[in-house]
Structure formats: C-alpha cells, structure tokens
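For reference, the structure discussed in these notes is given below.
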Amino acid sequence: MSDATQTFQNLAPSAGAKFRQRTLPILIFAACLAAIPMVGPSRTFYTIAHQMGINIVFALSYNMILGKGGLLSFGHAVYFGFGGYVAMHAMNWIEDGSGLWAGFPVFFLPLVGFAGGALAGAIIGWPSCRKAGTTFAMISLGVAELVFAAAFMFDSFFGGEQGISGDRMNGVELFGLSMGPISEVYWFIAFWTVVGLVGMWAFTRTPLGKLSEATRDNAQRVQFIGYNPQRVRYLVFIFAGGFAGLAGGMAAVNYEIFTPDAMSLVPSGFVLIMAYVGGITYFVGPIFGAILLTYMQSMLSDFTEAWLLYLGVLFIAIVMFAPRGIAGIVFGIWDGLRGSNPGQYIAGLLMKLAGILLMLIGLIVLVEVSVRWSNGYGEVYEPFGMHLGHQNVLSWLIIVVTAVAGVALTRYASKDKEAA
Amino acid sequence: DTIKMAFIDPLSGPFGPSGEAAYTSFQLAAEHINANGGVNGDMIEVTGYDNKVNPKESLVQLQKAIDDGARYILQGNGSSVAAALIEAVNKHNARNPGEEILFFNYAAVTPAFTNELCSFWHFRFDAHADMKMAGITDWIAERDDIKSVYLIGQDYVFGQAVAAAAESQLAEKRPDIEIVGNELHPLGKVKDFTPYIQKIISSGADAVITGNWGADMQLLMKAAAESGSDVPYLTFYGGSKGAVSSLGEAGIGLLYQVSEVTTNLEASDEQYALIEEYKERFPDYDYYYHRAWNAMDMFVAAAEAAGSADPIPVAKALEGLTIEHAYGSATMRAEDHQIQQPLYISVVSDDVKYGVDNIDLGWKLVDAGTISMESAEQPTTCEMERPE
Amino acid sequence: MTTPALSLDKLNKSFGPAKIINDVSLDIAPGERHAIIGPNGAGKSTLFNLISGLYTPTSGTVSLHGQDISDMPPHEINKLGLSRSFQVSNIFTNMTVRENVRCGVLHSMGQGYAWWRNIGSNKAVQQKTWEVLEHCSLADKANVPAALLPYADQRALEIAITIAGGADVILLDEPTAGMSHSETARAVDLIRRASEGKTLVIVEHDMGVIFDLADRISVLVYGEIIATDKPEGIRGNAAVREAYLGDEALPEEVTA
Amino acid sequence: METIVFGLLNGVSYGLLLFMLSSGLTLIFSMMGVLNFAHASFYMLGAYFAFTITGSTSFWIALFIAPVLVGLVGALVERYGLRKVHANGHVAELLFTFGLAYLIEEVVKIVYGKTAVDYRVPDLLNFAAFEIYGATFPAYRIFVIFIAIAMLVGLWFLLKRTRAGLIIQAALTHPHMVGHLGHNVPFIFMTVFGIGCALAGLAGLMAGNIFVTDPAMAVQMGPIVFVVVVVGGIGSLEGAFLASLLIGLLQNFAVGINASFAEIFAFTGLSPTSEVGDITISSLAPVLPFLLLVLMLIFRPQGLMGEQEL
Amino acid sequence: MTQAMLQVKDLHAYYGKSHVLRGVDMEIMPGEVIALLGRNGVGRSTTAKAIMGEVTPRGEVLFKGEPIAGLESHKIARMGLGYVPESRDIFPSMTVRQNLVLGVKDMRNPGKYSIDEMLDMFPNLRARADNPAGVLSGGEKQMLTMCRTLMGDPELIIIDEPTEGLAPKIVQQIGDMIAEIAKTGVAILLVEQKLSIALRIAHRVYVMGHGEIVYSGTPAEFAERDDVRAEWLEV
Ligand SMILES: Nc1ncnc2c1ncn2[C@@H]1O[C@H](COP(=O)(O)OP(=O)(O)OP(=O)(O)O)[C@@H](O)[C@H]1O
Ligand SMILES: Nc1ncnc2c1ncn2[C@@H]1O[C@H](COP(=O)(O)OP(=O)(O)OP(=O)(O)O)[C@@H](O)[C@H]1O
Ligand SMILES: CC(C)C[C@H](N)C(=O)O
Ligand SMILES: [Mg+2]
Ligand SMILES: [Mg+2]
C-alpha cells in the first residue's frame, strides 16, 4: 500500500508545477497591477482600467455559470445590479453614519455587494435552477425583464430613472485612501479584482466547483454519484450571483451611481459576449474577453461610431470559427508553436493572419465609408492620407480586392493545414 | 488653444432627435463665434457624447469628456441625467481643485436644480417647470370653458415635477377645475399611446397638460390623431420633432406650447437669415433651440468680461449677466443661476412664416400669449456655496 | 431468511398507454450476482431506471435492504448504497479520468457540497480515487480527458465511477456493449473483481459474459419475467430460447 | 364598459401583430430547434425595407417585395451562417443569432441612421374606420387584423394541407426519415428559415408605421416574441395565436385600469406598504408578459398548447 | 458479368470514439435478397445507417458502380436506395395516405406504383387509409413503411428488422410481402434476427460479428454450418 500511496501523490501535479501553473500567474498579475501606477498613467488610463477590473470580475462570475456550470443566462446583470444597489445604499448609510454603518469603511463595500448579489441569486435561483438548458435560459430572460421593469416601480430601492447615487468619500478611511481622486480608487479596484479572481479560481478547486463541472457535463450522472444536480446548480448560482454582486459593489464605488439600466438585457448580453469572446472553456478566457471588450467599448468608440458593428462581427466570427474564444486561439497558437513542426505552423499561421488582416481591411473600409456616407455630414474616411469617399472608385476597389484576396488566402491556408 | 465643450446628450434612440437638434444648434453657434474671432481669440470646439438618456452612462461620458480635456459640459435632455451630472460635477470640482468644470444646462427644467439642489457649478439657460407651468395655468385661468384637465407625463423627476406644479397651481388659480386623470408612463418605452388617448377621451377632459418630449410627445400626438381626439393639448414641448406633423391639420388650434421663443416671433433679418441657414444645414430639424445661442452668447460675454475662459472666472462673470439677444433680453440670476426671460404661448397654425417638420404648419403666438420676464419669475430657495 | 439486498414487488411502469414493465417481482440476495437478459425493448433498462430512481414506478415497490425506495430521487438512493452504470457511456466528458473518479468518490468521503475547502487537500479522497483507478486499470490514464479515452476505457471508466462511491448494490447496464472479444474478457475480469462481496445486477446481451458471471439469471420479455433460474436451468429452458433467439422455426437444431 | 371595448379592440389588434411576428419564430423554433434571437431583427428589417420601397414606389408594392427580401436575407443567413454552426449544438446557434441581432441593428444604424425614420401608414388606409365612445378606430388597424388572420389561415393551410407542409411537419419529428425518402432536408430548413424571417418581415412592414421604425424596435420586441412562443407552447401555431391574443389583451386592459394596489388591498381589507400600494395596475402592463413567462416555465413548461418541454 | 447493385468495401463507422464497424465487405446483385444476420449490437443496423448516410461512413460504398459514401441521405435516396429503419419512423399524426404521399420523391414524376395500387395490394392498409398512422398495429406500421418506401421506386431496399416485436403470424405475412417485392426485381438487404424468415426468403446470408462479416453463403450452405451459428448467433 505504501507503494500505492507514493504513486497516487505523483498523480497530482507536483508542488513546483502547482506553483508555476496556479500561483505564479496570479502573482504576476498582481505585480503588474501594483506596478502600473508607477508609470504615472493618464486619467483616461485609470478610467478604462477601473472599468476593466469591474468587467473582469463580472465576466468571471458569469463564466461560473456558463462555462463551468453549463447554464446560459440572459440575466446575469440582475445580480450585478442588486449587488451594486445594495452597496450604493450602504454607501449612503455610511454617509448618514447611521448605526453600525458609521464604522464601515467604503473600501469594503464590495463585500456588501457580494451579499446583495448572493441574496438575489438565492431568491431568484430557487425557482430557476430547477431547470437547465433552454428552459433555464428563457427563465433568466423573463426574470431579467421582470426585474428591470419592476425596478421602475420600487423607487425607494432602485431610484427610478435617476437611480441611486452616493458619495464614496465618507466613513472610515483605510490604507490612507480617501477614495476621492481617481488614482486612489485604482488601489481599491485592483485589490478587489485580485480578490475576485483568486476567490473564483479557488472556487473551481473546491468539491462544489468540481461538481458544478460534473453537472454541466452530465447532470443525470451526478444523481447517481449521490448529488442532487439542482442543488449543485443552485449553490453555484448563488456564488455566481455573489461575485457578480462583488463587481457591482466595485462599480458602485467607482461610479457612485446605479440606475435600473444596469440590470437590463443590454449589460447581461454584454457580459455574455465578454465571456464567450474570451473563451468560456478556460478560466482565464473571460479575463481576455473583459479586457478586449472594455477596450473596444471605450477606445474604439472614439475612433469609429460603428464599433458595435465590429463587435458583432467579432462575436459572430468567434461563434462560427473559434468557439473556444480568444483564450482558445492563444493556447492553440502556443500548442502549435511547441508542436512537432513549428516552422510550418508559423508559416500557416502567418498566412492565415494575413488573410484575416486583408478581410479586415476590406470590412473596415466598407464600414467606415458607409458610416460617413450615411451620416451625410460630408465627412470622408481618410486613413493614411488616402481620400476614400463613397464615390471614389478606389474605395470600392480596396474593399473588393482585399476581401476576395483575404478569403482566398485564409481558405488556402486552412486547406494547406488539413493536407499536412 | 481651443475651449473644449462636451455635449452629453442622447444622439441615438427614441430621444436621439432631441439631442441632435440641440447638438446641431450648439455646433452652429460655435461656428459663428469662431468665425467672429472666437472667445478672447480662442476657438470653441463642441464634441458630442451619446448618453442614451441614462444617468450612469452620462457619468461614464462625463469622465471621458473630462479625460479629453473638456471644461464645459452642455446637457439638457432629461432631468434624471442633469441631476446625476450636477452631483458628479460638484464632486469632481471638490476632489480636483484647479480642474473645475462647469455645467451648462440648456433644457433640464426640474425646479429643484435651482432651488434646494442648486450649485455654483450649474447654470440653467431655460425656464424651469414651475415658470412654464405658471404660464400655462395663467392661460387656463382665463378659459372658463375648461372645467376638467387630464395630466399625462413621463415617469421621472421632470414628469413628476410637471404634474405637481400643475396640481398645485391649478388648485390655487382655478380651484373649480377637476383633475380627471394624472398618469405617469415609463420614459421612452411606450410605442403606442392609443390606450392612453382612449383613457383621456373616456375621462371627458376639456384639456390635457403634458410635459412629454421627444418620441413620447410625437407618439402621443400620433395616437391622438388616430383616435380622433379633439381636446386641446397644453404642452412644454409640442415643438419636439414630429409632433406637429403627426397631428397634421388636426393640430391647428389644438396643440399649444410654452417656450422662450418661436421662429415666428418678430425678429431682425439677421435672425431670419440664421434660421434659414440652420434649416439649410440641417434639413431634418428646425431652428428650435434658441437657448443654445443664448447660452453660447452668455458664455462668450462672460469669458470676455472675465478675460479668461477658465470655469471659475467665467462662472463669476455669468452671475447677474444680462445679454440682448434676437428676441429680447435675458439675465442670469446670480442667486440660483436660473435664467430669467419672457416666455411665449403659441399654438399650431397654418398661417405662419416658418413651418416645422417640413410642412406648412408652424407655431403662432396666441393672443395675450406673451409672459413678461417679471411675471415669469419665480422665487428661489437656493443657498449657494461659492468658492473663494 | 436474510432480507434480500434488492427486492422488487409487483413492479409496473407505463408510459401513457404503453405498459413497459408488467408486474415484475424479484428478490436478489446480498452477495448474489444476478443477470437480466431479454430481447431489445423488453424493458431491461427501464427496470434499471425504476430501481435507481430515474423513473418512479406506476405501481409496486422497490426495496433496498428492506427499505422502500420506490419514490426516492436517484441521489437519495445512491446515498443508501446503490449505484448504477449506463448502457450508453455516461461520463463527465470534459474532465480527466482522475477527476471523473474523484467525483464518484467525493460523496462517500463526506465532502458534501463543500465550497470552503480545497478538493485536493483531503488525503482520503485522493487515496480512494487512486485505489479505484488502480482497480480498474485506469491509473496510467489518470490525467487523460475522458472524452479522449478509447471506447473500451470509457466503458471501464463508467464502471469505475459506478463503484467509486463504495455502494454495495451495483447495477450494470450492458457493460460490455460495443467491446471486442479481448476487451470483453478484460471487462468481465474487472466486473468480477469490482463486485467481490457485493450484490451485482447486470444486463447483458453477450451470453458469454452472462454465463461466466451470473449466479442466477432472469429473463425479461415484453416487461415480464418469464424465468429466473441458475445458468444451467436457463440454458435448457425452451421458452427462453424461443423468446430470446426467436428461432421457433428450427426447434430441432436448437438442441444441437 | 368603454374600458372593456377599447381594451378588446386594441388588445386584439396588438395581439394579432404579435402573432404575425411570433408565428415565424414558432415555425423556425419548432422545425429547427433554433431559438432565433435575431427574429425581431428581421421584423425591423421588414419595416425598414418597407420604408425604403414605399418611398420609391408605393406601400402596396412594398407589401409584396419587402417580406420576400427579408426572407431572402434569412435564407442566406441560414445557408452561410447558421448551417455551419448547427453542428456545435443549440447553444451555439442561439449565440449566433444573438450576435446576428447586434450586427443587424448596427447595419441598420449605418444605413438608415440612429433615429427613427418617417414610415407612414399609406394614405389609402389613413382614415377612421368607425367611431365608438367618441374615439375613432383607424382603418389601417382593421387591415392589420385582416392580414394577420389571412396569415394564420395561410400558414395553417400550408402546414396541414399541402405536400410541402407534410414534408415540413414530418421533418420536424423525423428529419432522417424524411431524408431517406429523398427529400432535401437542409434545403427545407433553409426555406423554413427564410419563410419564418419573411413572416417577421411582414410583421415589421405592418407594425413599423403603427409604432416607430427605429433601430431600437428589434430590442424592444425581441423578448416579447419569446414570451409568446414559449407561453404558446413550442411548435404550436394555435398556441402562439392564443398567447399573442392573451398578451395583447392583458397589456391593453392593464393600461386601461386605474386602480392601484392600495385600492385593491383596501378592497380586500389588507393594508399594503406605501410603495407597493402606489403601484397602479396600468403601470404593471410592461411587466405582465414576463411574469406570465416565468410562471409558465416554472409550472407548465410545455406552454399552453405545446406537447414537449422546451 | 452484371454490375453489382451495391458494393461495400472495407466499411468502417464510429460512434464518437467507439469503433462499431471494423471493415465490412459485401455485395448485392440486382434482384437479390440478402439477409444480414448477427447478434444484438454487432453493428448490423449501423451498417445500414452507414450505407444510407445517417452515420458517417469511412470506406467505399458503390451503388451501381457510383460512389455514394458520404453523400447526403436525400441524394442517396434519389439514386434509388430505399431504407426502412429499425425505428420504422412512420409519421404518426398523418394519415396512411399522407404517409404514402411523402414516399413519392417527385410529384411530377411519380413512380410505378400509385397510391391506389399500393392500397389494393394491402387490403389491411386500405381499410385504414384515412386514419392517422399512429393507431396502426405494429404489423400494419411495418407494412406502411415498406409501402411508403416502394412509392419512391427504389431499386434496392434496406430493411432493418422488419419483424421485430411482431406476432408470429404477422411475421409470416411480412415475410411473404418481402418475397413479393423481391419478385418485382427490387434487390433487398434484409437485416434480420429471426433465422426462420431470413432463411426462407434470402438468396444469400451474411453473418456479422464484432463489426465484421464473419460468414457468407447460401441458406442451404448456412444450414450446414452449426459452428457458425454456435459461435456468432446463439446463446
Ligand atoms: N421514457 C419513455 N417513454 C416512452 N417509452 C419508453 C420510455 N423509455 C423506454 N420506453 C420504451 O420502453 C420499452 C423498453 O425499453 P428499454 O430501454 O427498457 O429496453 P431494453 O430492454 O433495455 O432494450 P435494449 O436491449 O435494446 O437496451 C421500449 O419499447 C421503449 O421504447
Ligand atoms: N447512437 C449510438 N451511440 C453510441 N453507440 C451506439 C449508437 N447506436 C448504436 N450504438 C452501439 O453500436 C453497436 C452496434 O449497434 P447496432 O445498432 O448497429 O447493432 P445491431 O447489430 O443492429 O443490433 P440490434 O439492432 O439487435 O440492437 C452497439 O454496441 C450499440 O450499443
Ligand atoms: C429636453 C427636455 C425636454 C428635458 C426635460 N425638460 C427634463 O427636464 O427632463
Ligand atoms: Mg437497454
Ligand atoms: Mg439493429
């Protein structure tokens, strides 16, 4: 038996591997976060970074139920919203200094958000987690609309159109942070992003986390190893709600306002897209998705009005051609590079990339020319000093040639790969 | 350098046209100012930020605007947004001394903003709801044939303020009038007002008072036309895009509006030229937001008086400033930063110089429809904190 | 007389008008290896579904060690010590083999729905997982994702998950379906070892397996048990031969 | 009394519009198992196409061309998009249509602008059909009712009476078998998707001028369509019809009722908390369909007339 | 030498990872009735499905010399292959007549049988022509599926377990019917478990075991081979 004992330990990854694969990435991530303020970033940078932090936690929490739990929800923003609202109210209680709240630091409001989100998850999850699959998806849609519409009726909690706002510069100061200027809020966001990330990562390593994956893969079988899949789903759902609420609490402190729109289908759809584009089969996928999409949302929207169109194209392309998302692509490339024939792999990859790039150029020119044409303000798309109006033959030439060449090249590259 | 102004308002969705109409007005005003040499030699740049009439989104856009270097915020579409902006601007200015920003509110008319919620950083360039409602109720007070009134409005601060003002002012001026309906509907979500119109018809009301604007105004009129309703509509924003054309001929003599000007008031040729230039540039819209010119002109006057385009000196110079504009004079009351100016009640008519919505109907001043600056003035409870 | 490990009493199951299981009564003693055979669509899998709680009987009772379990949900029944496998492999395809088995082990190790502790930190769980893997000759494939296993190994994993929880009554539904000869032999060996000292109920079409393993055999035809006997008895039972082989035209050759 | 009559009239005409919109989705969902999230986007396309065609020709030409165009777009989407995703399961399909909804909305914004277009009721039908309790009922709405009923009959006939309908119905439960009989199931699916989209397009054409033709119309209608289909029962045309009427009536009656919870509670002798009491029945109107959806899914997942669960 | 109607060469098929067909070879000549025997689960139905394109085949399948492996099923059907699956798959809510209508591939160019002729041939069905097919008895359903397939004018029909779950008398009837159809020149691949009927009507038998053909011969030859039966068919 002693023999077996030795071997079974070898089955699990070694302590070194564990450190390399699990602890190290998180340490690096945290170190990056800590290093950022040293380079003296701009206001804009902070604004986006905060949004990213919030979205990372939100998207990860969504993936607890979609990726790890196999439940497609169209209403995850409800829990984000509940968490945010509860935190918002708590912020106001802190300001009023009423009772216990007088001594509660604003810094810890995300915990209140967690409680709010988890509570909402516990209430709403009770009826909805009895089902899975499409039924669950439809219930989540119905609940989302229901809560959103009801939010305009209960003004004392949701604040109607105007929402609830507050002031984060109250209560006990922690770590010498007044929480006023944006650069101080940064530490708050960074801290809770890491907490959320570590918390959700740890969750995947617990029995419940594993059971959640088992229930996703095969709910029927879970019954026959002694677990009630409904209960597994329910518990996971509460946690996902809690972490969404945590993100909501972060948002409450960051924006100091919550409106019912935070619970509408739009943010619910956005978090779905973030998680899916990032890659729902990987823990880190949603992080990629959150970073990319937040960036697109805030920066791309400055460059082009049609950024949502690009987002739609990106999403559909991912659904059709890369269902494992960005993370899948990244890890796929990584594997390819370490595969048997990296040289050939790189060649194929470059060819594909070139093809995609060409298609992208065609698409961008098409969209940008059209946008300006449709706006009718007589503006003209002028990349790299070119003058691409809608009456310019060159514009249409670029569009057609690049698109055709791109498609052809990509096809050729994939054929090549298959043959190999 | 350039003076950056951020226009934070809806540029898409059901209230997009309201935002666009104002955005184009501010841009044209800025162009003219720049063409005349700018402000102390500096050029003005007005950039649009779409907020979808959502307060939270507005704060995101505000942040962006500040990051982009804007020191002046222009907003008007929606008091819910304005409330959030006032608060955010107050906080920003408290937390970032030296980087102050000013908020020029050109249309969000909830009275509280220049009363209990007043702020040094906020200036309002439109008459607030109590002022406008006073105009309407004075007019009703004279009309003995109106015995019952139906109130319909949007369910948010502004709509609530309108309803409250109507109730209290009518109770005072015409206690005999019965309020047969007081309905608030969701903001920008109703697509078919037919059931509401039918409720109005069955209530037998003699007049309807509404503060609706944007699509909510237009669709209300569309449903009224379809249901053949013939009650008069006393509105703040009958001038919203599409409202007049939705009613068509049926609107003549029925659709009223109280506003700071209409294009059919007497004016100089210069002003007529401006109206025509606007129409030429933006054929989808009509010259409606005269207050955009007022706001910009007052800004220029203040900045020139202060000799600086920095927010604090400009704000101080704005207090008590009076300008002459195309239709008379306007004064920024120092106490509460509420503009004071005459108001006009007009009604849809086919006998006008300028039609709206690209049809021949337009707004014509009603008899005794001019409300002087003095009678439009309302007291304020504002206690303002001013920086050193 | 000892209480039977598993006892069916006048069990009936209908889907709408279709009566699939018809008055089935059967006692299986502790430690017995019992086989159920019968033509396609006879109701064998349905019977398993009734016993394991996936379906509730239309009438009649199922008892486990004398306790009525007819109306219990599957996970409750599982907790009482009954475990089953499936005719079509029913494993957690996106997990590794080790994780699959570990999921099967968790409950019996008192891990419950715990979310506050690391799954890897419990030595007993790891130990038990390892034992089961070893037992089912899957240890060398422990870190392979289950979906990538060869078919025969998936079937072995199916059995591994079934026995991992340490149940003392085990139901196997066609464990060797789709396996080649040599794979079947390996599977039989595994089943024999895994059911040591336990009660086993097995459904199989492969008669070699049945006669090799079973202490007793029941023949189910159109929802009714037409015979229950020792293997030799079944082999010689004409009714069974007819029902199962459908060889009624060649009676004289059957005796050969 | 007036409330009841008005509620009935408006409820029925709104309900029938909903039916037009959801019948296409019912068709697609029941045949292909695809919960088409972009369905309302095709409805929007119908309205915009109708607007364009009406502008250059007339409403009556648009009436025929716009739905066909939308149907073609739908068929292309099926052929070059959905079919590829099909192998990855229903969730992938659903996500595909979800992304498609985004895409269509953005394209519409680029082509037609971000605000509403002025798509009007044709002059020929722009008159009052009759007057009742001082309010008139527009002729166009009668036209809508008429078209919706024609559509119900037509669809029913198509599904139950023709060989093509037989094939479609058979492919619904036994796609493989239908293939073995020599019928081209993928082509059928493409056609069905096209027809479903065309129906949505027709609904858009009819409704775009009653309501508003703007880029938000899809998002606004989308969820309600799901409510109809799910409440009606998967794959049941009759169910969808019933559910549409039910929701139409429910919403319109609710708007007409002034009572608040406080009054209702007072009537039953209970005392509500102030905020719940302030809620009026009419303000509940937007919530009701979703309440119905959630309750239905929890207590009767197969819907009103459906046979199987979602 | 006449061209074979159907040739199957080294056919493999998988369900996910499980290798169900491991190189099946067989050949069917025009007008021939072939019985495919074997124990439960050896892969007979899978063979039929792989030929018909319901399961992805690997290997070669030639129909009248033309490769059909991997084609979509409707194309295979249109080339002249009929298939009666194990699950029968009648359309239960449609009438018998409607079921038959669906068997016709092209309405403008119907096959040699009209619906009336079909119903004349099977008086049982005529009596129920306008009833929903769902109410038919098991035997009648089996007849209906075969008639439906005949409506499409196939040159080869693959019939999977036509007698499963049927009473002996009906089994007899179905057997006669198949023999009847064969006489019209249609080749038949009969997947059967019941030796009696298989041996009565087949011209040749194939025996399958573990995804391969393990024996082939005429019924008379097969009758001599107790060893094959013992190893591959019996308990
Ligand atoms: N949920 C259900 N609803 C309706 N009928 C069912 C259901 N489950 C099984 N049946 C029917 O019950 C009968 C028995 O099925 P079962 O799966 O128990 O057979 P089996 O003996 O296991 O056959 P096999 O050897 O092919 O596995 C079949 O006719 C089947 O169609
Ligand atoms: N859809 C499927 N998925 C996975 N395995 C399958 C599937 N269908 C059949 N099998 C397996 O493939 C093997 C061959 O099945 P097939 O249906 O071809 O057998 P058969 O010889 O026709 O037997 P019978 O019809 O008597 O059950 C069996 O082991 C069966 O369990
Ligand atoms: C644009 C305006 C009509 C806005 C409205 N007056 C409000 O205060 O909300
Ligand atoms: Mg079975
Ligand atoms: Mg078979």
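Sequence lines set the chain letters: A, B, ... in the order given, protein chains first and strands last, and positions in each chain run from 1.
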With a 4.5 angstrom heavy-atom cut-off, which part of E/I76 approaches chain D: side chain, backbone, both or neither? neither
Comparing E/M151, E/M94, E/M52 against chain D, the one with the most heavy-atom pairs below 4.5 Å turns out to be E/M94
Is the shortest heavy-atom distance from the side chain of D/V178 to the side chain of E/L102 under 4.5 Å? no
Here the gap from E/F91 atom CZ to D/I167 atom CD1, rounded to the nearest 0.5 Å, amounts to 9.5 Å
Which atoms of E/V104 approach chain D - backbone, side chain, both or neither, heavy atom under 4.5 Å: both
Where is the tightest heavy-atom contact between E/A77 and D/G179, given as atom of each residue plus distance? CB-O, 3.8 Å
Which atom pairs, one donor and one acceptor, sit under 3.5 Å between chain E and chain D?
from: E/E54; atom 1: OE1; to: D/H180; atom 2: NE2; distance (Å): 2.7
from: E/H74; atom 1: NE2; to: D/N184; atom 2: OD1; distance (Å): 3.1
from: E/R78; atom 1: NE; to: D/G182; atom 2: O; distance (Å): 2.6
from: E/R78; atom 1: NH2; to: D/G182; atom 2: O; distance (Å): 3.0
from: E/V101; atom 1: O; to: D/R163; atom 2: NH1; distance (Å): 3.0
from: E/L102; atom 1: O; to: D/H183; atom 2: NE2; distance (Å): 2.7
from: E/V104; atom 1: O; to: D/R163; atom 2: NH1; distance (Å): 2.8
from: E/V104; atom 1: O; to: D/R163; atom 2: NH2; distance (Å): 3.4

